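Every value quoted in this text rests on a predicted model; they were computed, and no experiment measured them. Only heavy atoms go into these numbers, but all of them, side chains included; no hydrogens, no water, no symmetry mates.
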Amino acid sequence: MIRLFKHYISYNVVLLSLIDLMLLSLAGEAAWRLRVAQIGISAGQFSDRVLEIGGFAGVIWLAMIAVGTYGPEALRSMRFATARLLVAVSLGVLAISLMNFFLPGSALWRSVLLYAMGIAIAFLIANRILGSRMLGVEAFRRTILVLGAGPRAERLERLSRRPDSGFAVGAFVAMGESEPTIDTAVPRESISDLGRFVERVGATEVVLALQERRNSLPLKDLLRVKTKGVMVSDFSSFLERELGRVDLDTLNPSWLIFSDGFSSGRRLSSIGKRLFDILVSLVILIVGLPLVAIFAILVKLESKGPAFFRQTRVGLYGQEFTLVKLRSMRTDAEADGARWADKDDPRITRVGRLIRTVRIDELPQVWSVLKGEMSFVGPRPEVPAFVVDLEKELPFYAERHMVKPGITGWAQINYPYGASVEDSRQKLEYDLYYAKNYTPFLDIIILLQTARVIIWPEGAR
């Protein structure tokens, strides 16, 4: 894994994305040369159009990130990857065309764009076919050595078998647990030198997966392994890095206290985030006002009652505020109290189902962003009654209120709509990861990938 601004990205994703960026640049240059050859003029120097070629490659590349081209499903399914690539390139070309309309001469000619679009799709699909056939998934996986043979080690074994896993287990070492569950584990007593054993396995990381570490850690061996350049990780940190979430099953207060995260040096980033929220919310409110007005009228025409729905939510530091959304349910939907929306919830109106699917009901929340009660990116603000119950059921739930709630967030793009305590537990793990590892870079990733959630709204209710 590569750590960029406190966020971990797998080597195969970084390598694939860099190759894609290079291929997109080549596609833009090839399309230019093909077009000028057809009309019989000189291609000129590459330096004369480096901004246009770079702009083409950059916009398409950002669109690919936004629609989930580098997600787990796209990396293991050629059919899935092709669909996402087609959507990404189409959206990117549309964005470039709009740029060229408002800023003439800032992008490639429209005739060149058509060629570039076809060549780019061919290059990108060929890259994935060749990569999967020549290298395969295993070529990008690193090998780890697991100290432990109990339930935690068994969990790592299951994770390693996932198609999108970035690691393979070279060996398990039984450290004297009373009930080992890994039959193939090597007894610690049979290993005379753990450092040499790590070298024989070819491991680049040692993961401590012990249920109980007291008097069972080979500290001298681990120190020798560490000084040889092999990473040594505890179980919770390893899962955080691999899964992009904080694992509540193994979490303890001391790990949160002593691990990297919750940095006070993000004050400048918070100022920049607030300026971004103000500027973008003003633009969205101005541009989106006609759209909100149209759907507000449709809501009123379909059912009696107000067009807008107001509800108290819990925000930063547990303070309550009023959230405004377009009403998508019947007016008596919460006559018996607030409750989560179920799949095919009968309380949702026909217009409401449409605006929930395309997320238009969320647009009025931008007013809360402008006022500073919310941000564009952050944990989902919950109803006070839910918060009281969840704080009793879930450990560390109150810690998610240490950051401002958002319209979109790390949990929202990684986990579908939550409608139970268990769903809230899963989303809390992502929320804690965001609160712990917040940087503007992570916000940019979330904002880009929100497009994927809107285009493929499998989690909307």
Side-chain angles (χ1 to χ4, degrees), residues 270 273-300 302-341 345 347-349 351-353 355-356 358-391 397-409 411-412 417-419 424 427-428 431 434-435 446 450 460-461:
S270 298
K273 183 174 184 175
R274 180 62 187 141
L275 290 175
F276 173 85
D277 286 342
I278 293 172
L279 292 174
V280 177
S281 59
L282 282 172
V283 172
I284 292 178
L285 285 172
I286 294 170
V287 176
L289 190 60
L291 189 64
V292 172
I294 291 170
F295 279 95
I297 293 171
L298 292 176
V299 169
K300 289 284 290 182
E302 184 184 20
S303 61
K304 294 181 179 180
F308 295 95
F309 171 72
R310 291 172 173 82
Q311 190 177 54
T312 301
R313 297 291 179 97
V314 178
L316 184 65
Y317 306 133
Q319 296 178 348
E320 296 182 358
F321 69 98
T322 300
L323 183 73
V324 181
K325 300 172 68 174
L326 276 170
R327 181 170 60 84
S328 59
M329 291 187 176
R330 303 191 311 262
T331 52
D332 62 346
E334 296 190 343
D336 299 325
R339 63 184 176 92
W340 281 302
D345 198 312
R347 298 175 299 164
I348 301 175
T349 63
V351 174
R353 194 167 301 283
I355 62 178
R356 277 174 172 258
V358 295
R359 316 285 176 164
I360 292 174
D361 63 321
E362 310 278 0
L363 278 177
Q365 294 182 64
V366 176
W367 177 245
S368 295
V369 174
L370 183 61
K371 291 194 295 181
E373 297 166 336
M374 292 178 64
S375 177
F376 277 105
V377 180
R380 173 188 170 88
E382 287 292 0
V383 178
F386 292 167
V387 171
V388 172
D389 293 337
L390 291 171
E391 285 184 349
Y397 189 83
E399 311 310 317
R400 73 194 293 275
H401 298 132
M402 294 300 103
V403 293
K404 195 176 291 186
I407 296 176
T408 184
Q412 289 92 307
Y417 182 89
S424 296
K427 299 194 82 168
L428 174 59
D431 287 336
Y434 175 79
I446 293 170
T450 299
R461 289 190 191 173

>> Restricting to non-hydrogen atoms, name the atom on T322 and the atom on S368 that form the minimum distance, rounded to 0.1 Å.
In response: O-OG, 3.8 Å
> For the atom pair CE (M402) and CG (L316), what is the distance rounded to the nearest 0.5 Å?
Replying inline: 7.0 Å
>> Using only atom types and a distance under 3.5 Å, with no angle test, would you say the side chain of K300 pairs donor to acceptor with the backbone of P306?
In response: no
> How many angstroms lie between CD1 in I294 and CG in L289, if you round to the nearest 0.5 Å?
Replying inline: 10.0 Å
> How far apart are the closest heavy atoms of A307 and A296, and which atoms are they?
Replying inline: CB-O, 3.6 Å
> Minimum heavy-atom separation for R327 to M329, with atom names?
Replying inline: NH1-O, 2.8 Å
> How about I278 and L370: do any of their side-chain heavy atoms sit closer than 4.5 Å?
Replying inline: yes
> At their closest point, which heavy atom of K273 faces which heavy atom of S375, and how far apart are they?
Replying inline: CE-OG, 3.0 Å
>> In the structure I gave you, are the side-chain heavy atoms of I446 and Y434 within less than 4.5 Å of one another anywhere?
In response: yes
> Got a second to check how far I407's CD1 is from R359's CZ, nearest 0.5 Å?
Replying inline: 12.0 Å
> Can you tell me if E302 uses its side chain to pair, donor with acceptor, with the backbone of V351 under 3.5 Å?
Replying inline: yes
>> Quick check against the 3.5 Å criterion: does R313 have a side-chain atom that pairs as donor or acceptor with the backbone of L323?
In response: no
> Distance from L428 atom CG to E399 atom CD, nearest 0.5 Å?
Replying inline: 9.5 Å
>> Any heavy-atom pair between the side chains of L326 and L363 that's under 4.5 Å?
In response: no
